[in-house]
Structure formats: C-alpha cells, structure tokens
Amino acid sequence: MAKDAAVGARTAGRDLAFRLLFQMDQSGDDLEKAGEDARHWGKPGKAMDFALALTRAAASDREAIDAQLSPRLKGFTLERLAAVDRSLLRCALAEGRLEEPTPPQVVVS
C-alpha cells in the first residue's frame, strides 16, 4: 500500500511540475514565484515535494535540456513548439536527470 501511495504522489507531482513549468514558460515567473502560487493548489506533501524537485531540476538544467531537445525537432524550433509540448518535454527530460531517475518507460507513458 505504501508503494502505491508513493506512485500516486509521483504521478500527482508530475502533473504539478508540468503545470508549474507551463506557468513559468508563459508568465516568465521564476521557480520561487511559481512555487508560491502552487502551494495554493491544494496538493501538499510528497506530491508537492516531488513537483518542486522536478521543476527545480527542469529550471536549473533548462539550457542543457533545450540543447538536448533542439536538434531532435524536425522542422521546428523550441519557440515554435506549442507551450504545452515544450513544457511536457522539458518535464520528461528533467525527470531523467533526478538523483533517483524514473525508468524511461514510465516517463514516456
């Protein structure tokens, strides 16, 4: 049961991290401001902790993540991608960079 709760927290955390990255992309907010806003979304605990760790990883490694993404975009640039797609891709690549990376099959799913 504890493992299911941890999986649920990571799933909820991914959703929150995606929302935070999208907000930061659209508003230009930094992680601190976006994190303050997220605290009002009603997802305390492990989900929020994971979301902030994932968002922090994406924000701090953004240049490296973008450099990894850019050459793989056929006929597009990062700027031309929809903000939703850009945020989702950044979130997925950041998750693979965490200290306890998620298996690629889970990230892709």
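It should be emphasised that the depicted structure is a prediction, and the values quoted were computed from it without experimental measurement. In what follows, residues are counted from 1 in the order of the sequence shown.
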Once you round to the nearest 0.5 Å, how far does CZ of Arg10 lie from CG of Asp15?
14.5 Å
Same hydrophobic cluster for Leu31 and Leu21, using side-chain heavy-atom links shorter than 4.5 Å among ILVMFWY?
no
Shortest non-hydrogen contact from Ala83 toward Asp25:
CB-OD2, 3.5 Å
Asp66: what forms a side chain to side chain donor-acceptor pair (under 3.5 Å) with it, not counting sequence neighbours?
Arg90
Using the test salt bridge (charged side-chain N to carboxylate O under 4.0 Å, His left out), find all partners of Asp29 that sit at least two apart in sequence or belong to another chain.
none
Is any side-chain heavy atom of Asp61 closer than 4.5 Å to a side-chain heavy atom of Leu93?
no
Excluding sequence neighbours, so at least two apart, what forms side chain to side chain donor-acceptor pair (under 3.5 Å) with Gln68?
Arg97
On a heavy-atom basis, which atom in Gly13 and which in Ala51 lie closest, and how many Å separate them?
O-CB, 3.3 Å
I need the Ser70 OG to Leu81 CG distance, nearest 0.5 Å.
8.5 Å
Not counting sequence neighbours, list each pair that qualifies as a salt bridge (Lys or Arg N to Asp or Glu O under 4.0 Å) and has a residue in residues 68-82.
none
Tell me whether the count of non-hydrogen atoms from other residues, nucleotides or ligands lying under 6.0 Å of CD in Glu63 goes above 12.
no
Measuring only between side-chain heavy atoms, which start at C-beta, is Leu52 closer than 4.5 Å to Leu20?
yes
From CG (Leu73) to CG (Leu89), nearest 0.5 Å
7.5 Å
Can you tell me how far apart CG (Leu16) and CD (Gln23) are? Round to the nearest 0.5 Å.
11.0 Å
List in chain and number order the residues that pass side chain to side chain contact (heavy atoms under 4.5 Å, CB included) with Ala59, two or more places apart in sequence or in another chain; answer none if no residue qualifies.
Met24
Please write out which residues are connected to Leu88 in a hydrophobic cluster, directly or through intermediates, given that two of Ile, Leu, Val, Met, Phe, Trp, Tyr count as joined at side-chain heavy-atom separations below 4.5 angstrom.
Phe18, Phe22, Val84
With the side chain counted from C-beta on, respond yes when Phe50 and Thr55 share a heavy-atom pair under 4.5 Å apart, and no when they do not.
no
Is any side-chain heavy atom of Cys91 less than 4.5 Å from a side-chain heavy atom of Leu54?
yes
